[in-house]
Amino acid sequence: MSTLDTEVKPPIADKKSVNLQKHNDIRVDEYFWLNERENPEVVNYLKLENEYNKRMTTHTEDFQKQLFEEMKSRIKEDDTSVPYKKNGYWYITRYEIGKDYPIYSRKKETLEAEEEILFDCNKEAEGHNYFKMSGLNVSPDNTLIAFGVDTVSRRNYTIRIKNLVTGELYSETIETTTGGSTWAADSKTLFYTKKNEETLRSDKIYRHVLGNSVSEDVEIFNEEDDTFNTFVYKTKSREYIVIGSSSTLTSEYRILRADDPTGEFKVFQERVRGLEYGIAHYNGHFYVLTNLDNATNFKLMKVSEVDTSKENWKDVIAHREDVLIEDVEIFKDYLVINERHNGLNKINIKRWDGTADYYLPFDNETYTAFVGTNLDFNTKYLRYAYNSLTTPNSVIDFDMESKEKEVKKEQEVLGGKFNKSDYISERIWATAEDGTKIPISMVYRKGIQKDGNNPVLQYGYGSYGSTIDPYFSTVRLSLLDRGFIYAIAHVRGSEYLGRSWYEDGKLLKKKNTFTDFIDCSKFLISQNYTSSDHLYAMGGSAGGLLMGAVINMAPELYNGIVSAVPFVDVVTTMLDDSIPLTTGEYDEWGNPNEKKYYDYMKSYSPYDNVVAQEYPHMLVTTGLHDSQVQYWEPAKWVARLRELKTDDNILLLHTNMDAGHGGASGRFEALKEVAEEYAFLLDLEGIKG
C-alpha cells in the first residue's frame, strides 16, 4: 500500500472556477461547486471516491473485519451503567448481547424493584440508517418523559412526550430542536430550545403546555445575536428554570422560579463582553463560577437570590494563577471543586463549616478524574470517575466523611488478554519553537526500545479550550498490542495548562497550535521514540484542521495522516454565516470580515495553502449530513490535493452517506470506522494482522 496501484485511477473532480473576493483579495476556488448537496453530479463524485477507497483498501478488508471483531470482543455486550437515584427512582442504562443501542430503564425506590423499561432504542431504531435518542427528561411527578430523536445525524432533534404510566406516546411533535427540555414544577409545562432551520443555531426558547397544540407554544426568549447560542435547564435544587445564552467569551443567564412557569424570567447578570459565568443554586443563594475582574482561571463567588447582579457577588474561592477551576458540585455539607493544576485533574473537597479541606489522592501523571452524576444535595457520598492511559474507567462512590471509597464498577476488558501491568504510560515535555514546554501523554507496551523504529500515532485537537485528557481506551489496545506508541500532544488551544494555554492558541495566535504539534513530532523523533518513516498523526473536526495545517507546513515528518470530518476550508466557511456554527465561532477564529483576521486565517487555512509538494499517505473521512463541518470541506480539500501533490502516496476520501459529524450510530457500527482507520495505519506500517 506504499504506492498507488496504477491500474486503479482516482476520480478527478471537474474544475469550475469561482472567484471569491474579499478585502480586494481574490481566491480562486475550482471546487466550490461541490457544496451543492442535492446536485447528482456531487453525489456521484462522492460515490466515485467511495468506490476508489474501497478498491484501494480491498486487500485490508479481512484485516478490518479482524480488527472490528477484536475491538468488539473486548466490550462487555450485556453491559449496565451504575444506577443513579433521582426523585425516588433508580435510573439505569443497559445493553444486551448483539444489540447496538441502549435500553433505558428505572426501578422504584430499590434496585430489587421490578424494572420499568422507558425505551428500548433497538426497537426505536428499526427502519433507520441512523438513530440517536437524547435529552431524556422525566417530569417531577415521575409520570411523563420528554425525549429527542435524530434520524439524520444533523444534531437536529424532534421532541416527543411519553406517558410512563400508560405507555402512550402523545401526539405532540416538536421539530427542529436541540433534543433537550426542562419540566416546570407542575409536570405539565415544558421548556425547550428551538434551532434556526437554516443555520441550526440554537436561538429560541419556547414554552409548551401538555395537551396543547405545538402551534400554540409561546416563544419565551429569542437570542438575536447570531454569535450566541441559547439553552434551558433546571438547577440541581429544582427551584429554578434557567435560560442561558453563551458565546465563546461571554455568558448571560435568566432565572424563573420553577413553580411559576408563566412568570417572567429575570436577567441574572446582563451580558458584558468577555464576562463568563456559570451558576448553581443552593439554600437561597447562587454560586457563580466566573472570570470577573480578570480571573483568567476562574473563581467561585456567591450572591443572594434576591439581587444577583455582579455588584453583589462575593468571593468564596479566590482566583489562582496556577489553578484552573473547571466546575463545582454543591452538597448540603460539602463543596466539591474540579480543578486542573499543571495539566492534572484535581478534586478538592471542602466542608462548608470549614472543618475539612482535602484533595482526593491520585498517583500518576496520565490519568483523568472528574465528578460524575450527583443529583442529591443531602448526601455524604460523592460519585466520581477515574481512568488512566493504562487503567480502565471506574465509577467510584466516595464517603466524604470517612474518606472511604467504593468502586461501584470498573470497566471490564474482555478477551482475557488485557493486563494493565503490561503497559507503561508517561508524560514528557517537548520544547516549542518559542521556548514553551508542551506536554505529551504517552502509552505503550512494556519492552519498547527507543531505536527510532517504533510506529507512533500522535493525536491532537487544540481548539475551543477543549482538553483531550489521557483516557483509557479498549479500542486503542489493537494498536498498542501491535507495537504502536500512542501519544496525545497537549498543544495550545486546549486548557490543559489553564486558561492562558487556550488564549495562546486561538485567534491571531492560532498557529501556535500547529507549530506545537510539529515540535512535539520533532521531539518524539529526536528522542528516538520513532522516525518520520514511522510517525503517524490523527485528528478530527478542529483536529482535522490541525492535520491539514501540519501537513502543509511539515509534510516530511509523517508517513501517514488520518483526518476525520476536518475543518479545512476555514476562510470560506467563516465568511458564510448561513452555515451552522459560523457566527458563534468568531471569538475562536476571528471574523474574516475584518481584514486582519481574513489575512491570518488565509495564511493557515489548509485548503488555501495546498501547494505542489509531497504529502504523506492520507485517509480523510466525512459524513454527508454533517452539520458541524460540511462534507464539502474535506471533498474540496481532497480534490485540490489530488491536483497539486507531487507524490504517489495514497489519498483516500470516505464519505459516510448516512451519517454526520459523530459518524455512525450504534456502538458497534462506530467501531467499523475505527477499524478502517487502524487498518489504514497498520497497513502503511507493514503490519498485516
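Please read these numbers as outputs of a predicted model, since none were measured by experiment.
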J.: Just by distance, with hydrogens left out, do Asp357 and Asn348 show a side-chain donor and acceptor under 3.5 Å apart?
T.: yes
J.: Just checking, any donor-acceptor pair under 3.5 angstrom between side chains of Ser304 and His285?
T.: no
J.: So for atom NZ, which belongs to Lys107, do other residues, nucleotides or ligands contribute more than 12 heavy atoms lying within a distance under 6.0 Å?
T.: yes
J.: Could you tell me whether the side chains of Asp307 and Ser309 share a donor-acceptor contact shorter than 3.5 Å?
T.: yes
J.: Going through the checks in order, is the salt bridge (charged side-chain N to carboxylate O under 4.0 Å, His left out) test met by Glu172 and Lys162?
T.: CA-CA 10 Å; Glu172 285 110 313; Lys162 180 180 178 181; over 6 Å; no
J.: Going by the angle between their ring planes, with limits at 30° and 60°, are Tyr192 and Tyr206 parallel, tilted or perpendicular?
T.: parallel
J.: Determine, using ring centers only, whether Phe370 and Tyr384 are less than 6.0 Å apart.
T.: no
J.: Just to verify, what does Thr189 make a side chain to side chain donor-acceptor pair (under 3.5 Å) with, not counting sequence neighbours?
T.: Asp186
J.: Between Trp183 and Pro140, which heavy-atom pair has the shortest distance, and what is it?
T.: CB-CD, 3.6 Å
J.: Using 30° and 60° as the class boundaries, would you call the ring planes of Tyr367 and Phe362 parallel, tilted or perpendicular?
T.: tilted
J.: Does any N or O in the side chain of Arg383 come within less than 3.5 Å of the main-chain N or O of Val395, such that one atom is a donor and the other an acceptor?
T.: no
J.: Under 6.0 Å between ring centres: does that hold for Tyr277 and Phe298?
T.: no
J.: Using the ring of Tyr240 (Phe, Tyr or Trp, six-membered ring only), decide whether Lys234 places NZ or CZ under 6.0 Å from its centre and within 45 degrees of its axis.
T.: no
J.: Under 4.5 Å between any side-chain heavy atoms of Leu164 and Thr143, yes or no?
T.: no
J.: Side chains of Glu588 and Tyr502: any donor to acceptor distance under 3.5 Å?
T.: yes
J.: Does the side chain of Ile317 come within less than 4.5 Å of Leu335's, by heavy atoms?
T.: yes
J.: Decide whether Tyr157 and Glu175 meet the rule of one side-chain donor and one side-chain acceptor closer than 3.5 Å.
T.: no
J.: Can the ring centroids of Phe377 and Trp352 be said to lie less than 6.0 angstrom from one another?
T.: no
J.: For residues 328-337, which residue pairs pass the salt bridge (charged side-chain N to carboxylate O under 4.0 Å, His left out) check, not counting sequence neighbours?
T.: Lys236-Glu329
J.: Looking just at side-chain N and O atoms, do Glu673 and Asn656 make a donor-acceptor pair shorter than 3.5 Å?
T.: yes
J.: Could you check whether Thr227 and Asp225, counting side-chain N and O atoms only, form a donor-acceptor pair closer than 3.5 Å?
T.: yes
J.: Pairs in or reaching into residues 240-256: which pass salt bridge (charged side-chain N to carboxylate O under 4.0 Å, His left out), with residues at least two apart or in two chains?
T.: Glu252-Arg254, Glu252-Arg271
J.: May I ask you to decide if the ring planes of Tyr91 and Tyr89 are parallel, tilted or perpendicular, using 30° and 60° as cut-offs?
T.: tilted
